[in-house]
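What follows is one structure encoded as structure tokens, with my remarks underneath.
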Amino acid sequence: MHLIDKIYINGRFVTPQGHDMFDLHNPASGEVIGQVRLGNESDADAAIAAAKAAFPAFSQTSKKQRQEMLRQLHDVVVDCEEELLAAVVEEYGGPVGVMSQWMAMAANNFTAMAEALEDYQFVRPVKSATVVMTPIGVVGAIIPWNSNSGFITNKLATAIAAGCTTVIKPSEMSALQTDILARALHKAGLPDGVLNIVNGRGDVVGEHMSRHRDIAKISFTGSTAVGKRILRNSAESMKRVTLELGGKSPTVILDDANLAETMPIAIAAGFMNSGQACIAGTRILVPAHMMKQAEAAAIDAINTVVVDQPGNPKSQLGPLVSQTQYDRVQGYIAKGIAEGATLLTGGLGHPAGLGGYFVRPTLFGDVTNDMTIAREEIFGPVLCLIAYDSEEDAIAIANDTDYGLQACVFSGNDARARTVADRIDAGRVLINGLFHEPQAPFGGFKQSGLGREFGVFGLETHLEAKAIHARP
Ligand code: NAP
Ligand code: MG
């Protein structure tokens with residue numbers, strides 16, 4: 001049994017003032033594997049005070065000093081990758097083969113930010129004025145459970161690059177991973193108070209942070225419902241916010257695409273992170289006249305996906321994170337059936353031979369874009385095939401959503417795909433493949449969020465532009 005009973009404040013591991021304990025589960029079996037002691041509002045206050053005290057000196061550090069810190073942070077995270085990977089498998093149910101690649105991305109978030117700083121001008125002339133890009137203050141980072149170390153490292157890297165100090169509230173469901181990461185980050189030797197990590201409930205610690213006067217900015221990744229709440233709470237102290245929220249991303253397959261080649265990629269985009277990805281391509285749009293072939297190709301692709309214990313290196317799809325998420329996803333599958341979609345593969349219950357929070361990879365056909373399963377974020381391996389008549393119709397369906405985080409376009413002709421990509425309202429559009437560029441902006445249109453993360457775009461959301469005017 002694991003016991004996580006420390007949080008990280010002002011450069012030290014301390015016992016939280018909060019007393020509540022939260023059970024940690026192994027999602028592959030449902031078994032309890034440990035407990036975490038949760039912080040409360042007083043713990044958040046102590047962390048915020050430490051970050052506030054550290055800010056004046058930290059905000060004065062040079063770009064070179066902060067680049068050096070980012071490289072240190074990279075190295076200490078690389079050193080804990082193996083331990084972290086074991087925790088991701090045990091506590092999150094992430095398939096070990098898939099997650100080993102994600103671990104490398106976590107460490108690389110620090111070097112990517114060091115690179116973004118390289119050519120960045122914090123002080124620059126603008127006609128008769130001088131513009132100084134000034135660190136915003138204490139940043140509160142609120143992290144979901146679906147990529148604990150990826151989100152913590154990216155938000156921390158951005159804050160450090162900008163010269164901001166941080167208080168991080170991870171999900172309590174990721175306590176093992178957070179503890180390993182915190183102990184690694186500690187070894188980077190950041191000045192006390194620059195990094196603080198408080199485990200605790202969202203409606204206690206997260207809520208307190210989003211209302212606190214001494215936090216200048218909240219950087220949040222999670223559900224749209226909580227994102228809206230944070231935005232409202234932030235208004236009182238006029239906090240800046242970056243919100244990275246949900247999605248219902250379209251994958252548009254054009255009529256000149258090779259189905260046998262594209263469908264496995266479309267399915268992989270939908271089942272990313274066992275379906276627990278904000279960017280998951282969950283609405284697959286196919287020309288009506290190609291639908292029969294598309295259904296067959298999609299079923300074939302799903303049949304080759306290995307759904308197994310996360311410790312099996314061949315496994316591509318693990319369990320969902322919690323009983324709550326399992327129940328939620330079962331509810332959506334039932335809703336899809338009730339609303340008249342055709343279950344092409346998968347369905348209710350567990351995959352054969354697997355228990356815990358495993359869900360059957362599920363594909364619905366005959367889906368119309370007004371059905372609940374086509375409108376709401378399911379956050380599990382449940383995909384929809386939607387027919388369209390013309391390219392114009394495809395673009396209209398792709399954009400007929402409250403979300404706008406990501407889209408994929410597949411075509412035999414890259415230039416044609418590009419003209420469709422230009423008309424899709426999404427923060428990121430991928431053409432004929434799955435890509436990630438860490439210097440490019442990431443974030444959502446519409447209710448998928450507010451602001452952008454990564455590279456200079458992320459950096460500038462942590463800076464205030466100050467114009468200095470002086471006599472010539
Ligand atoms: P969530 O409630 O939005 O949780 C994300 C983070 O926000 C967690 O650290 C959570 O803490 C915290 N939080 C919760 N209530 C808060 C509040 N009032 N003020 C400040 N912070 C608060 O997400 P969830 O409940 O874990 O998952 C529900 C759904 O959200 C998923 O099914 C999915 O649709 C979506 N989701 C999206 C992403 C994404 O990457 N865009 C990630 C995760 C979830 P607690 O853990 O203590 O609640
Ligand atoms: Mg929640």
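In this chain, numbering begins with 1 at the start of the sequence shown. Because only heavy atoms are used, hydrogens play no part in the values below, and waters and symmetry mates are left out as well, while side chains stay in. Every number for a ligand or one of its atoms is a count from 1 in the order of the listing.
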Exercise. Check each atom of ligand 1 against the heavy atoms of Pro144 and keep those under 4.0 Å away; list them by number with element.
Key: 42 (C), 43 (C)

Quiz item: N/O of Ile143 under 3.5 Å from N/O of ligand 1, yes or no?
Solution: yes

Quiz item: Should you measure from each heavy atom of Gly206, which atoms of ligand 1 turn up under 4.0 Å away?
Solution: 19 (N), 20 (C), 21 (N)

Self-check item: Atom NZ of Lys335 with >12 non-hydrogen neighbours under 6.0 angstrom
Solution: no

Quiz item: Where on Thr224 is there a heavy atom closer than 4.0 Å to ligand 1, on the side chain, on the backbone, on both, or on neither?
Solution: neither

Quiz item: Relative to Phe13, does Arg183 satisfy both conditions: NZ or CZ under 6.0 angstrom from the six-membered ring centre, and within 45 degrees of the ring's axis?
Solution: yes

Quiz item: ligand 1 and Lys169, any nitrogen or oxygen pair closer than 3.5 angstrom?
Solution: yes

Quiz prompt | Atoms in ligand 1 with a heavy atom of Glu377 nearer than 4.0 Å | solution = 33 (C), 34 (O), 35 (C)

Quiz item: Does Gln325 come within less than 4.0 angstrom of ligand 1, counting non-hydrogen atoms of the residue?
Solution: yes

Quiz item: What do you reckon, does Leu245 have a nitrogen or oxygen under 3.5 Å from a nitrogen or oxygen of ligand 1?
Solution: yes

Quiz item: Does ligand 1 have a heavy atom under 4.0 Å from the side chain of Asn233, from its backbone, from both, or from neither?
Solution: neither

Quiz item: Can you tell which of Leu38, Ile218, Val329, Asn146 gets a heavy atom nearest to atom 40 (O) of ligand 1?
Solution: Asn146

Practice problem: With heavy atoms under 4.0 Å as the rule, classify the contact between Arg229 and ligand 1 as side chain, backbone, both or neither. | Solution: side chain

Quiz item: How about Ser448 and Lys446: does a side-chain donor come under 3.5 Å of a side-chain acceptor?
Solution: no

Quiz item: Can you tell me if Arg328 has a non-hydrogen atom under 4.0 Å from ligand 1?
Solution: yes

Quiz item: Is Met238 atom CE crowded by more than 12 heavy atoms from other residues, nucleotides or ligands, each under 6.0 Å away?
Solution: no

Exercise. Find the distance between CG (Asp43) and NZ (Lys169) and round it off to the nearest 0.5 Å.
Key: 12.5 Å

Quiz item: Do we see a donor-acceptor contact under 3.5 Å between the side chains of Asn369 and Arg283?
Solution: yes

Quiz item: Of all the atoms in ligand 1, which lie at a distance below 4.0 Å from a heavy atom belonging to Ile142?
Solution: 6 (C), 7 (O), 9 (O), 12 (C), 20 (C), 21 (N)

Quiz item: Which atoms of ligand 1 sit under 4.0 Å from any heavy atom of Glu172?
Solution: 45 (P), 46 (O), 47 (O)

Practice problem: Indicate yes or no: does Glu236 engage Arg213 in a salt bridge with an N to O separation below 4.0 Å. | Solution: no

Exercise. Decide if atom CD of Glu82 counts as having more than 12 heavy atoms of other residues, nucleotides or ligands within a radius under 6.0 Å.
Key: no

Quiz item: Looking at ligand 1, does any of its N/O atoms fall within less than 3.5 Å of an N/O of Gly202?
Solution: yes

Self-check item: Under 4.0 Å to a heavy atom of Arg201 - the qualifying atoms of ligand 1, by number
Solution: 47 (O)

Self-check item: Output field: ring centroids Tyr326/His350 closer than 6.0 Å
Solution: yes

Exercise. Pick whichever of Tyr332, Trp145, Phe379 has a heavy atom sitting closest to atom 33 (C) of ligand 1.
Key: Phe379

Quiz item: How about Arg201: does its CZ atom have over 12 heavy atoms from other parts shown lying under 6.0 Å from it?
Solution: no

Practice problem: From the options Gly150, Gly227, Cys278, select the one whose nearest heavy atom is closest to atom 39 (C) of ligand 1. | Solution: Cys278

Quiz item: For Phe457, does the CZ atom have more than 12 heavy-atom neighbours from other residues, nucleotides or ligands under 6.0 Å away?
Solution: no

